[in-house]
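Below is one structure, written out as structure tokens; the observations come after it.
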Amino acid sequence: MKKSILTTIALSAGLFMNTAVLAEDLKVASWNIAWLGSHEYNERHSDDYKALAKYASTLNADVIALQEVESEYWAKKVFGDNYNYYFSTKDWVQRVGVAIRKDIGLTVKASEYKALDVGRVRHGMDITLSRNGKTTSLLAVHLKSGCFAKSLDKSTVADMPSSTEKEEKKKLACQLLSKQKTPLSQWIDNKQSQGEAFIILGDFNRRFSQDIANDFSHEQGLWQAINDDKKQQLWTPTASKNSDCWGGYYKDYIDHIVFNPEAKKHYIDNSFNQLVFKEKYTRKLSQTLSDHCPISVTLDF
């Protein structure tokens, strides 16, 4: 009898310790779920939302930066009621938001980062997470699309052709993305000056691997601008990897999870993952699932 009681206590202690260890892990993800809202481009039906929800369950993340999601109502169609949702107020269906799992002991402070709106572009969400005596700031972003690898310096952008509607649209995209360098850098400088751990994540609409391969200056490349020519010592696992989303249809990552050195201390080695859709690429599926596959990391937090 005594032995049985001791065994029960030991098993209970082991279970408690295992739960405590699991509670230290925090899975952080980013997912652009194309046009998830009331816009006419969203042609999803019941089975499509079920498919998205199944992938969300497989992703099983604690914190998810969301892009192109209109509101909590639409996010719940995919992620359900087990999350608290924090969304920007930008008057546009392609909003930036963050979903944070309930009941995992996180203290959350959320505010909108409107400085990213340099002219009809999306706001960011500034989230501070605290748990177990640790604090990390997250900036969820969805930057201007259409200037994925072009040099962003003023003279190059000014010299871009604009005689057709397509050329004019691309030039405007590069102008706006170039302007977004400043509020991004200001947010980083502010966090660094306070010695804070921070992560910037979301859809940057920029191929950092090409910024690096082209050896751009801080005026030319978005990566070099936010990294202040390596002075900030930022790191992202996506800079040296190829995307497998839709069979590698989009080879270069434009979704990123960027760490400063303090936040990198929480990163669990080799935890970066891309959840790849099992279905074979079709244009229709890229619209009903998404043209972006979710990416994630795990933190010791």
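Both backbone and side-chain heavy atoms feed into the values below; hydrogens, waters and symmetry mates do not. FYI, the numbering just counts along the sequence from 1.
- Remark: aromatic rings of Trp31 and Tyr55 are distant, center separation not under 6.0 Å.
- Between Phe208 and Tyr253, the distance separating the two ring centers is not shorter than 6.0 angstrom.
- Side chain to side chain, Gln287 and Asp291 fail the donor-acceptor criterion of an N or O pair below 3.5 Å.
- Salt-bridge annotation for Lys181 and Glu219: absent, with no side-chain N of the basic residue lying under 4.0 Å from a carboxylate O of the acidic one.
- A salt bridge links Asp300 with Lys134: the distance from a Lys NZ or Arg NE/NH1/NH2 to an Asp or Glu carboxylate oxygen falls below 4.0 Å.
- Between Phe204 and Trp223, the distance from one ring center to the other does not fall under 6.0 angstrom.
- The cationic atom of Lys77 (NZ for Lys, CZ for Arg) lies less than 6.0 Å from the six-membered ring centre of Trp74 and within 45° of the ring axis.
- Residue Glu165 places its CD atom among 12 or fewer non-hydrogen atoms of other residues, nucleotides or ligands, all under 6.0 Å distant.
- Using modelled atom types, no side-chain atom of Glu262 and backbone atom of Glu196 make a donor-acceptor pair closer than 3.5 Å.
- In Lys150, the NZ atom is not crowded: 12 or fewer heavy atoms of neighbouring residues, nucleotides or ligands sit closer than 6.0 Å.
- His256 places a side-chain N or O within donor-acceptor distance of the main-chain N or O of Arg206, the cut-off being under 3.5 Å.
- A donor-acceptor contact closer than 3.5 angstrom is absent between the side chains of Asp203 and Gln67.
- No salt bridge links Arg122 with Asp117; every basic N to acidic carboxylate O contact stays at or beyond 4.0 Å.
- Between the side chain of Asn42 and the backbone N or O of Arg44, at least one donor-acceptor pair lies under 3.5 Å.
- Taking the charged nitrogens against the carboxylate oxygens, Asp62 and Arg101 do have a contact shorter than 4.0 Å, which makes a salt bridge.
- In this structure, Ser151 and Val157 approach most closely via the heavy-atom pair O-CG2, 3.8 Å.
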